[in-house]
Amino acid sequence: MINVGIVGCGYWGPNLVRNFNSLSDCRVRWVCDTQAERLSYIEGLYPHIRTTVEYAEVVADAEIDAIAVATPVRLHFEMAKQSLEAGKHTFIEKPMAASVEQCRELIEIAREKGLTLMVGHTFIYSAPVRKIKEIVDSGDLGQIQYISARRLNLGLFQPDINVAWDLAPHDISIVLYVLGQFPVSANCQGKAHIKAGIEDVTNMTLNFSDSALATIQSSWLDPNKVRQITFVGNKKMLVYDDVEPIEKIKIYDKRVEAPPHYDTFGEFQYSYHYGDMYSPYLRLVEPLKTECRHFLDCIKDGSEPLSGGAAGLDVVRILEAASESLRTGGAAIRVSR
Ligand SMILES: NC(=O)c1ccc[n+]([C@@H]2O[C@H](COP(=O)([O-])OP(=O)(O)OC[C@H]3O[C@@H](n4cnc5c(N)ncnc54)[C@H](O)[C@@H]3O)[C@@H](O)[C@H]2O)c1
């Protein structure tokens, strides 16, 4: 039995409570939040869970094996550090921390103490993203040339981070996972329309060394909820629409080819190929449940999580470069591991 404490019970935290609570080898022992009404909500649903407004009380409990941090990003580092230093396996919601330096420090503490450190890159635990990885790895789409990700809706505005730090971690983690590569540079442009200094619309570009290009559009200023990623290969194209209830992935047998050799303008003709579209079957399971299960399994067998500290650091490396690019009006900022 793994005893878990969860800190931060606002919008997302209750989902962690529900999923950890549903796993038979896990007991949610504590939920912590500074807002008493959030704790009353949890007490109403789960009378057996202890609640507190003092995070120190959770950290000090010798019975606790692991802590999940679901507070605002500015608090991730300090809370995760306290958790690791107290010898607890630690799960941190995305993005892992507010800087590369903070991520490195957390990875180091976890390594020294032999603890599991995992980041909540939820989508890489989802059936559609796993299926996309399988399809891309099989070569069915051919060489990936271009990825276009759009994650848009009205709000929810965050007071301390811009929309790229809030929404793009999902798309960045999906792109890195599916391609299995790290970009060479990142560009980002954006604008703060509602709150000065906090961009509510951003457009990020990741450039990969094999010439693949990924664009990631993030917005809190859109009338519609859009969660769409298009993968364009030189053989086929794939559209992943997470808002679709069932057919979340559609594969299009479409491509365009330019003739390799031609002598006159008259001979030059693009060749457009229009074939069938199909939607592969997906066995949909709540990704967060798979993610929580994976965290417990990694604690038990000591293996590195799929979204461990290194994966969390990779995403923050790109977010940090994107912030630097934003300050320079969109210049390309080199990134490396
Ligand atoms: N994986 C996902 O799909 C996903 C989705 C949404 C949010 N998130 C992440 O979850 C985290 C929380 O986001 P949210 O939208 O739930 O934010 P939120 O503001 O709704 O909730 C944060 C909660 O933390 C509490 N809190 C603040 N300071 C505290 C402290 N010192 N001690 C204890 N509790 C404290 C607040 O009272 C609040 O209830 C963020 O890192 C966010 O990026 C992840």
Side-chain angles (χ1 to χ4, degrees), residues 5-20 30-43 45 49-61 64 67-83 90-99 102-103 106 117-129 149 151 153-174 177 198 218 220 225 227 229 242-243 285-295 305-307 311-312 315-316 319:
I6 294 162
V7 58
C9 207
Y11 162 67
W12 193 247
N15 293 324
L16 288 170
V17 178
R18 177 171 52 77
N19 278 288
F20 277 122
W30 283 108
V31 168
C32 169
D33 200 292
T34 43
Q35 294 183 63
E37 70 266 24
R38 298 308 301 155
L39 298 180
S40 311
Y41 170 71
I42 292 296
E43 286 156 11
L45 288 171
I49 298 178
R50 301 167 192 211
T51 61
T52 178
V53 292
E54 291 294 337
Y55 180 53
E57 205 173 346
V58 183
V59 174
D61 183 349
I64 284 282
I67 291 181
V69 178
T71 50
V73 180
R74 64 179 183 281
L75 301 174
H76 286 186
F77 171 69
E78 203 42 60
M79 288 183 151
K81 188 175 170 183
Q82 284 179 39
S83 167
T90 304
F91 174 98
I92 318 173
E93 260 313 328
K94 59 82 200 163
M96 181 174 171
S99 70
Q102 290 181 349
C103 294
L106 295 177
L117 174 62
M118 178 164 151
V119 184
H121 294 166
T122 317
F123 283 89
I124 68 166
Y125 299 93
S126 73
V129 172
R151 196 168 294 269
N153 41 253
L154 197 61
L156 299 169
F157 275 76
Q158 302 290 321
D160 55 340
I161 50 169
N162 70 16
V163 72
W165 282 77
D166 183 36
L167 298 182
H170 292 308
D171 302 298
I172 297 169
S173 61
I174 294 170
Y177 171 68
I198 307 260
S218 313
W220 289 326
K225 177 169 173 167
R227 265 97 183 95
I229 311 185
D242 202 54
V243 175
V285 177
E286 185 177 358
L288 193 53
K289 185 159 185 171
T290 310
E291 186 181 55
C292 292
R293 177 72 263 153
H294 183 61
F295 179 55
L306 195 55
S307 56
V315 168
V316 172
L319 292 171

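Atoms within each ligand, like the ligands themselves, are counted from 1 in listed order.
Looking at Leu319, Val73, Leu106 one by one, the single match for side-chain contact (heavy atoms from CB on, under 4.5 Å) with Met96 turns out to be Leu106.
Judged by distance alone, the side chains of Asn153 and Arg227 do bring a donor and an acceptor atom under 3.5 Å apart. Side-chain contact of Tyr177 with Ser307: a donor-acceptor pair under 3.5 Å is absent, judged by distance alone.
Closest heavy-atom contact between Ser218 and Val163: O-CG1, 3.6 Å.
Using a 4.5 Å heavy-atom threshold, the side chains of Leu117 and Ile92 count as touching. Between Pro14 and Arg38 the shortest side-chain heavy-atom distance falls below 4.5 Å.
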Quick check for students: name every N or O atom pair between ligand 1 and the protein closer than 3.5 Å, with distances.
unit_1: ligand 1; atom_1: 1 (N); unit_2: Glu93; atom_2: OE1; d: 3.0
unit_1: ligand 1; atom_1: 1 (N); unit_2: Thr122; atom_2: OG1; d: 2.7
unit_1: ligand 1; atom_1: 16 (O); unit_2: Tyr11; atom_2: N; d: 3.2
unit_1: ligand 1; atom_1: 16 (O); unit_2: Trp12; atom_2: N; d: 2.8
unit_1: ligand 1; atom_1: 20 (O); unit_2: Tyr11; atom_2: N; d: 2.9
unit_1: ligand 1; atom_1: 34 (N); unit_2: Thr34; atom_2: N; d: 3.4
unit_1: ligand 1; atom_1: 37 (O); unit_2: Asp33; atom_2: OD1; d: 2.6
unit_1: ligand 1; atom_1: 37 (O); unit_2: Gln35; atom_2: NE2; d: 2.9
unit_1: ligand 1; atom_1: 39 (O); unit_2: Gly10; atom_2: N; d: 3.3
unit_1: ligand 1; atom_1: 39 (O); unit_2: Asp33; atom_2: OD1; d: 3.3
unit_1: ligand 1; atom_1: 39 (O); unit_2: Asp33; atom_2: OD2; d: 2.6
unit_1: ligand 1; atom_1: 41 (O); unit_2: Thr71; atom_2: O; d: 3.4
unit_1: ligand 1; atom_1: 41 (O); unit_2: His76; atom_2: NE2; d: 2.9
unit_1: ligand 1; atom_1: 41 (O); unit_2: Lys94; atom_2: O; d: 3.1
unit_1: ligand 1; atom_1: 43 (O); unit_2: Lys94; atom_2: O; d: 2.7
unit_1: ligand 1; atom_1: 43 (O); unit_2: Lys94; atom_2: NZ; d: 3.0

